[in-house]
Amino acid sequence: MRKNSIKNIRINEEVLRELSDIIRNKVKDPRIAPVTSVTGVEVAPDLKTCKIWISVLGDEEAEKKTMEGLNSSKNFIRHELARTVNLRNTPELFFHLDTSIAYGVHMSKMIDKVNHGLKVSDLDKADKKED
């Protein structure tokens with residue numbers, strides 16, 4: 001099975017949907033932030049591995065604790081995935097932090113500042129004041 005085949009795309013979508021449900025409703029680890037979402041899933045064509053991109057609403061400490069909680073719950077999540085998705089092999093799960101949303105928000109703020117007439121050199125000063 002090729003990486004971008006229709007079958008692989010359907011598997012990715014189904015795994016994403018089920019993982020979102022499992023993390024939201026079944027994992028009871030207190031380290032996982034309440035607003036944690038699965039932004040992307042890539043299951044290998046041989047169904048052995050699965051890369052999962054996670055987005056967390058919160059600061060860096062919340063992101064770190066959420067990733068620790070997910071990694072410690074990895075076996076439970078995999079077991080639940082095996083129960084809900086009928087695959088020949090249940091893939092091994094690898095969680096990655098998705099920072100694209102935070103980057104997009106940062107770029108949007110930069111664009112807004114430029115549109116309001118701030119000079120480029122003032123942008124750096126304004127960012128330092130916000131931090």
Side-chain angles (χ1 to χ4, degrees):
M1 176 170 55
R2 291 189 328 253
K3 186 175 181 178
N4 292 326
S5 70
I6 293 174
K7 182 178 178 182
N8 197 315
I9 291 170
R10 286 182 182 168
I11 290 172
N12 288 342
E13 290 173 359
E14 184 64 23
V15 169
L16 183 134
R17 189 174 22 259
E18 290 301 326
L19 283 173
S20 295
D21 182 56
I22 291 167
I23 291 171
R24 184 177 45 251
N25 298 325
K26 297 181 181 174
V27 177
K28 302 297 181 198
D29 194 322
R31 294 177 287 185
I32 297 176
V35 185
T36 300
S37 30
V38 179
T39 57
V41 168
E42 183 179 314
V43 178
D46 62 356
L47 304 176
K48 298 287 184 187
T49 61
C50 178
K51 295 179 186 175
I52 305 157
W53 283 273
I54 301 292
S55 177
V56 179
L57 182 64
D59 58 353
E60 290 180 17
E61 185 66 27
E63 291 174 351
K64 182 181 174 187
K65 286 184 177 183
T66 298
M67 294 306 290
E68 289 173 1
L70 287 172
N71 283 319
S72 69
S73 303
K74 191 182 293 190
N75 291 331
F76 171 76
I77 295 170
R78 186 176 182 197
H79 174 74
E80 288 296 315
L81 184 66
R83 283 183 349 102
T84 57
V85 178
N86 185 17
L87 293 174
R88 179 181 38 209
N89 298 320
T90 303
E92 185 177 352
L93 307 177
F94 297 98
F95 294 101
H96 302 280
L97 189 60
D98 185 7
T99 58
S100 62
I101 295 173
Y103 179 75
V105 169
H106 173 72
M107 292 305 293
S108 178
K109 286 181 183 178
M110 297 279 285
I111 291 169
D112 288 343
K113 289 177 184 176
V114 169
N115 286 338
H116 291 316
L118 291 176
K119 295 179 185 175
V120 175
S121 60
D122 294 338
L123 291 176
D124 293 331
K125 293 176 185 175
D127 282 340
K128 289 179 183 176
K129 288 181 182 177
E130 287 180 3
D131 293 335

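Count residues from 1 along the sequence.
Taken together through direct or relayed side-chain contacts under 4.5 Å among Ile, Leu, Val, Met, Phe, Trp and Tyr, Ile23 and Met67 form part of one hydrophobic cluster. Both Val27 and Val85 are part of a single hydrophobic cluster, where members link through side-chain heavy atoms under 4.5 Å apart. Leu87 and Leu81 fall within a single hydrophobic cluster, where Ile, Leu, Val, Met, Phe, Trp and Tyr are joined by side-chain heavy atoms under 4.5 Å apart, directly or via other members.
Taking CD of Glu92 as the reference point, atom CG of Leu47 lies at 13.5 Å (rounded to 0.5 Å). Here Ile22 contributes atom CD1 and Leu93 contributes atom CG; the two are 8.5 Å apart, rounded to the nearest 0.5 Å. Atom OG1 of Thr36 is separated from atom CZ of Phe95 by 10.5 Å, given to the nearest 0.5 angstrom. To the nearest 0.5 angstrom, Ile32 atom CD1 is 12.5 Å from Arg24 atom CZ. Here the CG atom belonging to Asn71 is positioned 10.5 Å from the CG atom belonging to Asp29, to the nearest 0.5 angstrom. The CZ atom of Arg83 lies 12.0 Å from the OG1 atom of Thr90; values are rounded to the nearest 0.5 Å.
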If you apply the rule salt bridge (charged side-chain N to carboxylate O under 4.0 Å, His left out), what do you find for Glu14 with Arg17, and how did you get there? CA-CA 5 Å; Glu14 184 64 23; Arg17 189 174 22 259; 2.7 Å; yes

Does the pair Lys64 and Glu61 meet the rule for a salt bridge (charged side-chain N to carboxylate O under 4.0 Å, His left out), with working shown? CA-CA 5 Å; Lys64 182 181 174 187; Glu61 185 66 27; 5.4 Å; no

One pair to check against side-chain contact (heavy atoms from CB on, under 4.5 Å): Val38 and Ile54. What are the steps and the verdict? CA-CA 5 Å; Val38 179; Ile54 301 292; 3.9 Å; yes

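Asn75 is not listed as a side-chain neighbour of His79, based on a closest heavy-atom distance of 4.5 Å or more. Leu70 is not listed as a side-chain neighbour of Ile52, based on a closest heavy-atom distance of 4.5 Å or more.
Counting non-hydrogen atoms of other residues, nucleotides and ligands closer than 6.0 Å to NZ of Lys65 gives a total of 12 or fewer. Under a cut-off of 6.0 angstrom, the local environment of NZ in Lys51 is sparse, with at most 12 non-hydrogen atoms contributed by other residues, nucleotides or ligands. No more than 12 heavy atoms of other residues, nucleotides or ligands shown are found within 6.0 angstrom of CG on Asn86.
What you find for Asn8 and Pro45 is that their closest heavy atoms are ND2-CA, 3.6 Å. Counting all heavy atoms, side chain and backbone alike, Pro91 lies closest to Val43 at CG-CG1, 4.5 Å. The shortest non-hydrogen separation linking Thr66 to Ala33 is OG1-N, 3.0 Å. Scanning both residues, Phe76 and Lys26, for their nearest heavy atoms gives CE2-O, 3.8 Å. Shortest non-hydrogen contact noted between Ser72 and Arg31 is OG-NH2, 2.6 Å. The two residues Gly40 and Leu16 have their closest heavy-atom pair at CA-CD1, 3.7 Å.
Ser55 contributes no side-chain N or O that, together with a main-chain N or O of Ser37, makes up a donor-acceptor pair within less than 3.5 Å.
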